[in-house]
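Just the heavy atoms: all of them, side chains too, but no hydrogens, waters or symmetry mates, feed the values below.
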Protein chains: 2
Amino acid sequence: MITKINVYFCRVNSLAEENYLKAMFSLSNDKGEVNVNDLSKRLEIKMPTVTSMMKRLATKKLVHYESYKPLKLTDKGKKEAALIIRKHRLTEMFLVEKMGFGWEQVHEIAEQIEHIQSPELFAKMDELLGFPKLDPHGSPIPDKNGTMVWVAYNKLSECKAGDTVKLSAVINTSAEFLKFLNSRELSLGLKVKIKSVEPFDNTMVVSYGKRLSETLSHTVCERLLVEKV
Amino acid sequence: MITKINVYFCRVNSLAEENYLKAMFSLSNDKGEVNVNDLSKRLEIKMPTVTSMMKRLATKKLVHYESYKPLKLTDKGKKEAALIIRKHRLTEMFLVEKMGFGWEQVHEIAEQIEHIQSPELFAKMDELLGFPKLDPHGSPIPDKNGTMVWVAYNKLSECKAGDTVKLSAVINTSAEFLKFLNSRELSLGLKVKIKSVEPFDNTMVVSYGKRLSETLSHTVCERLLVEKV
DNA sequence: TATTTTTGTTAGTCTAATCTAACTTAATAT
DNA sequence: ATATTAAGTTAGATTAGACTAACAAAAATA
């Protein structure tokens, strides 16, 4: 006799749990610590609720919890969080690059789709996007194992005349800023040569692609992250 | 003073409620009636739970509920259900046609994505798919208002020699059957002419596209729905 | 028609996830 | 150093959504 075992939908962590993990991940300071209060504010959930959830996540070995001490994700917790962020960022990229959404439209949708349980779906997005390492904000996309590769970027504004750099990421993306980048044909991966820096206002004159002399304001250069080449 | 009103996420019906509505819709008989028992079995949820949910859906005017009488969706309930089915079918089609999934892989994923709250996402899928009226099973896709257009189909097996018909839908799709159709270049929308019907076993000889003489078994003809042209 | 079976309901329990009120510990400021 | 404020916890209530056990109504059958 065969016993039927239903494994339709094996959700390891609930939707609520996933949201706590993700928020903790993004709020962690350099020591990996988070305050109950900050978490409470971020999630718009009252502190006692947060405390009780932390106790639960601790029994699941996702969080180190000790009364009155700062919260910390365990390695397991970090990995789970990174995998959710992976799904979020892949979704955002997919919506923008493959479905024609505007960048400002996709966050809300990705907030929901990041909870979908289907490794195949996200593997397919990854494939169709060409296995990107960074999303259009320049934030790293964790890999299938939840590993996030952080590259040490420099701001373009910190480079000096004569440097040749690769455009790798963008800080504090706004729809307007992305439109500006588009209008100047500035895209991630682009090689840019710094021709001169105006000492008065830190404006840079750069060349790239077919554009041999473009001027970028300091405000713009502060928001562009580059790798030296 | 401005009062902040958060309307981040206005989920009208919970995930559980949506699943009840969808199940009721698909179990409804010609009178639009469903039994508590059948619903309970379909959802794998015990009858008392179903009863109590029905009372809740009744207060939300989604279900007509009277003790010991068959359940019925209200018009409002039917509409909500149809909209979920719309999302499910658009998702399945999108996964197959735009992302390269196999038909057998997409149901599970669509079961989750159908609950995503984002009219924009599904409008975009609809657009990218060219506003399809039928999914690859030949099931109708409800429109944005939850209206489902049912076309009166005939089985191919019920047609006679000399008829020319348009292939419009498929009954009881299995991965194997769809593979078979692919291998013979039989696709929805295709015009097929019936050359002869073998009276012994009801096998049909048909021509279509570049194939001037293909033989289709009765089993296959029983599963192909057509419109006369 | 009377009995049995199936279907549906009621009552009460449980867990997840939220809340408020009251209390405790830690941090800040006088 | 003490008083005040901020941060964190405990206790207890609430709602959604599930369950089991027991009962009631309707349908099927003898």
Side-chain angles (χ1 to χ4, degrees), chain A residues 6 8-24 27-29 31 33-73 77 80 84 111-112 115 117, chain B residues 6 8-24 27-29 31 33-73 77 80 84 111-112 115 117:
Chain A
N6 284 314
Y8 282 116
F9 197 77
C10 172
R11 183 177 276 284
V12 178
N13 303 304
S14 72
L15 216 135
E17 286 167 344
E18 291 196 350
N19 284 330
Y20 281 90
L21 292 174
K22 195 171 61 120
M24 288 182 74
L27 288 173
S28 296
N29 63 16
K31 285 183 218 150
E33 295 176 345
V34 196
N35 303 131
V36 175
N37 197 245
D38 294 342
L39 198 47
S40 164
K41 279 172 188 151
R42 166 67 65 93
L43 293 168
E44 298 185 56
I45 282 173
K46 295 291 182 287
M47 294 212 326
T49 311
V50 173
T51 299
S52 73
M53 178 59 94
M54 288 305 114
K55 289 177 174 174
R56 225 178 58 233
L57 293 178
T59 69
K60 296 178 87 171
K61 305 283 181 206
L62 293 164
V63 165
H64 293 296
Y65 177 78
E66 280 180 277
S67 276
Y68 296 105
K69 297 223 174 125
L71 307 166
K72 248 186 122 174
L73 285 171
E80 308 259 317
I84 299 162
E111 284 285 305
Q112 297 178 62
H115 301 290
Q117 306 286 306
Chain B
N6 283 315
Y8 282 117
F9 196 77
C10 170
R11 182 177 276 284
V12 179
N13 302 305
S14 72
L15 215 135
E17 285 167 344
E18 291 196 349
N19 284 329
Y20 281 90
L21 292 174
K22 193 170 60 120
M24 287 182 74
L27 288 174
S28 296
N29 64 18
K31 285 183 222 152
E33 296 177 344
V34 196
N35 303 132
V36 175
N37 198 246
D38 294 341
L39 198 47
S40 163
K41 278 171 187 152
R42 165 67 65 94
L43 293 168
E44 298 184 57
I45 283 173
K46 296 289 181 287
M47 294 209 330
T49 311
V50 173
T51 298
S52 73
M53 178 59 93
M54 288 306 113
K55 289 178 174 172
R56 194 129 67 67
L57 293 179
T59 70
K60 295 178 88 170
K61 304 284 182 206
L62 294 164
V63 164
H64 293 294
Y65 177 77
E66 281 181 275
S67 277
Y68 296 105
K69 296 222 175 126
L71 308 165
K72 249 186 121 171
L73 285 171
E80 307 260 317
I84 299 160
E111 285 284 305
Q112 297 179 64
H115 301 291
Q117 307 287 308

Output a table of nitrogen or oxygen pairs between the protein and nucleotides 19-22 of chain D separated by less than 3.5 Å.
residue: D:dC19; atom: OP2; partner: B:Lys46; partner atom: N; Å: 2.9
residue: D:dC19; atom: OP2; partner: B:Thr49; partner atom: OG1; Å: 2.9

Kindly point out which of D:dA18, D:dG8, C:dT18 is positioned nearest to the side chain of A:Asn35? D:dG8
Which pair of non-hydrogen atoms, one from B:Leu73 and one from B:His64, has the smallest distance, and what is that distance? O-CD2, 4.0 Å
If I take atom CG in residue A:Leu15 and atom C1' in nucleotide D:dA16, what distance separates them, rounded to the nearest angstrom? 15 Å
Let me know the distance between CG of A:Asn37 and C1' of D:dT5, rounded to the nearest Å. 13 Å
Using whole Å, report how far CG of A:Asn19 lies from P of C:dA16. 17 Å
Any A:Thr51 side-chain nitrogen or oxygen under 4.0 Å from OP1 or OP2 of D:dT9: yes
Separation of B:Glu33 atom CD from C:dG8 atom C1', in whole Å? 15 Å
Just wondering, do A:Lys22 and A:Arg42 contact through their side chains at under 4.5 Å, heavy atoms? no
Using whole Å, report how far CG of B:Asp38 lies from C1' of C:dT7. 10 Å
note: A:Met54, atom CE; C:dT18, atom P; distance rounded to Å ~ 11 Å
Under 3.5 Å, which donor-acceptor pairs do the side chains of residues 45-53 of chain B form with other protein atoms, sequence neighbours left out?
residue: B:Thr51; atom: OG1; partner: B:Met47; partner atom: O; Å: 3.3
residue: B:Ser52; atom: OG; partner: B:Thr49; partner atom: O; Å: 3.0

Below 4.0 angstrom, N of the basic side chain to O of the carboxylate: do B:Lys61 and B:Glu80 qualify? no
Using side-chain heavy atoms (C-beta onward) and a distance below 4.5 Å, is B:Leu62 in contact with B:Glu17? no
Taking all heavy atoms of B:Gln117 and all of A:Gln112, pick out the closest pair and write down the distance. N-OE1, 2.7 Å
Value rounded to 0.5 Å, distance of CD1 in A:Ile84 from CG in A:Asn19: 7.5 Å
Here's a test for you: under side chain to side chain donor-acceptor pair (under 3.5 Å), which of A:His115, A:Lys60, A:Glu18 qualifies with A:Asn13? A:Lys60
Among residues 60-70 of chain A, which residues get a heavy atom nearer than 4.0 Å to DNA chain D? A:Tyr65, A:Ser67, A:Tyr68
Check whether any side-chain heavy atom of A:Leu57 lies under 4.5 Å from a side-chain heavy atom of A:Tyr65, and answer yes or no. no
B:Lys55 vs C:dT9: side-chain N/O to OP1/OP2 distance below 4.0 Å: no
